Structures are given as structure tokens and as C-alpha cells.
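These numbers were taken from a predicted model, which means no experiment stands behind them. Any value given below was found using the heavy atoms of this structure, including those in side chains, with hydrogens, waters and symmetry copies removed.
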Amino acid sequence: NPMACVLGVERRVQAVGPRYLAPAKFIPGAGNLVAAASGFTNMRLRTFMLFDSVGLLIWATVYTILGRIFAAQVGMVIDWASAFTIWIVATVSGLIGAAAAWRVAKVWMHKRHHDAMRAKAAAGSEV
């Protein structure tokens with residue numbers, strides 16, 4: 001339930017205040033919901049922009065530093081992966097295709113279930 005996620009983040013924003021915006025970028029899922037939760041808590045735009053900017057600066061700094069520290073290792077992985085480019089592209093494409101097919105199947109099953117429930121409800125109301 002997406003609304004439950006927003007409400008959870010909203011409770012944290014209310015409990016901690018705008019300081020929650022700074023580390024929210026590092027909490028999976030919270031970074032996407034913190035803007036909506038800030039709006040729900042009637043946080044002032046200036047306050048939101050200040051703390052969100054601080055969080056963004058911290059986030060960018062951490063990943064820039066990690067990139068500099070592990071640049072050599074990332075280069076080695078890229079060199080290694082370039083030897084298997086076709087296999088990597090084929091695997092990733094297959095996984096994306098499988099995920100898309102799974103999603104289409106879930107939507108189709110969900111639609112069939114709702115159609116069956118509507119037909120059952122319509123049949124019950126005719127009696």
C-alpha cells in the first residue's frame with residue numbers, strides 16, 4: 001500500500017522534524033517519499049529546500065568520495081566486463097524481458113480476477 005509508506009515517512013518527519021530530510025537520501029524508499037511527507041506535514045518551502053539541499057550535498061559528497069576511493073577497482077571491473085559485453089547485454093535484456101512479461105502476466109491475472117468478481121456481483125444482484 002503506497003499510502004502506508006507515505007504515512008510511515010510522514011510520522012518520521014513529524015517526530016524528527018526537517019532534520020529527517022538530510023539522511024533520508026540514504027534510507028531506501030524514504031528519499032522518494034520525503035517530499036510528499038514534508039508537504040503533508042505543512043513544512044515551509046524554505047525549510048524543505050534548505051534541509052533537502054543539505055541532504056543532497058551530503059549524498060553527492062559521500063558517493064563522490066567513494067568513487068575516488070574505489071576508482072581503480074571500478075576500472076578493473078569495467079575492463080573485465082568489457083570482455084563479456086555481449087553476454088552481459090543478453091543477460092540484462094533477458095532479465096528486463098522476463099520482468100516485463102511477469103508484470104504483464106500479473107496485470108492480466110489481476111484484471112481477470114476483477115472481471116470475475118464483477119460478473120459474480122452482477123449475477124448476485126440479478127437474483
Side-chain angles (χ1 to χ4, degrees):
N1 181 2
M3 198 59 197
C5 294
V6 173
L7 292 175
V9 173
E10 181 183 358
R11 281 194 302 274
R12 288 186 199 101
V13 170
Q14 285 175 338
V16 178
R19 293 183 317 250
Y20 185 73
L21 284 109
K25 302 250 186 271
F26 296 100
I27 301 169
N32 298 332
L33 301 173
V34 77
S38 297
F40 290 150
T41 60
N42 295 321
M43 186 181 298
R44 291 184 17 218
L45 179 61
R46 178 178 277 174
T47 304
F48 172 79
M49 294 298 286
L50 174 69
F51 282 91
D52 196 50
S53 297
V54 168
L56 180 62
L57 183 63
I58 293 168
W59 180 83
T61 302
V62 166
Y63 285 107
T64 300
I65 290 170
L66 288 174
R68 291 210 182 249
I69 290 171
F70 295 108
Q73 289 82 358
V74 171
M76 288 174 25
V77 170
I78 290 171
D79 290 341
W80 176 83
S82 66
F84 302 102
T85 302
I86 292 175
W87 290 105
I88 292 170
V89 168
T91 301
V92 169
S93 298
L95 289 171
I96 290 171
W102 176 252
R103 180 68 181 153
V104 167
K106 280 179 60 177
V107 168
W108 182 74
M109 289 186 295
H110 187 74
K111 184 181 179 312
R112 280 192 53 203
H113 174 71
H114 279 282
D115 290 346
M117 295 300 288
R118 284 189 198 118
K120 187 176 179 180
S125 65
E126 292 175 3
V127 175

Separation between [atom1] of [X] and [atom2] of [Y], rounded to the nearest 0.5 Å:
X	Y	atom1	atom2	value
L57	K25	CG	NZ	11.5 Å
I86	T91	CD1	OG1	11.5 Å
T41	R11	OG1	CZ	13.5 Å
W80	I88	CH2	CD1	6.0 Å
R44	M49	CZ	CE	13.5 Å

Do [X] and [Y] belong to the same hydrophobic cluster, where Ile, Leu, Val, Met, Phe, Trp and Tyr are linked whenever their side-chain heavy atoms lie under 4.5 Å apart, directly or via other members?
X	Y	result
L45	F40	yes
I65	F70	yes
W59	V34	no
Y20	L50	yes
F84	I78	no

Heavy-atom closest pair (T64 atom, A60 atom, distance to 0.1 Å) is OG1-O, 2.7 Å
Is any side-chain heavy atom of L56 less than 4.5 Å from a side-chain heavy atom of D52?
no
With a 4.5 Å heavy-atom cut-off, do L21 and M43 have their side chains touching?
yes
So does F26 have more than 12 non-hydrogen atoms from other groups sitting under 6.0 Å from CZ?
yes
What do you reckon, is CD1 of I69 surrounded by more than 12 foreign heavy atoms closer than 6.0 Å?
yes
Please enumerate all residues that pass side chain to side chain contact (heavy atoms under 4.5 Å, CB included) together with D115, with sequence neighbours excluded.
K111, R118
Connected hydrophobic set around W108, excluding itself, where side chains approach under 4.5 Å:
M109
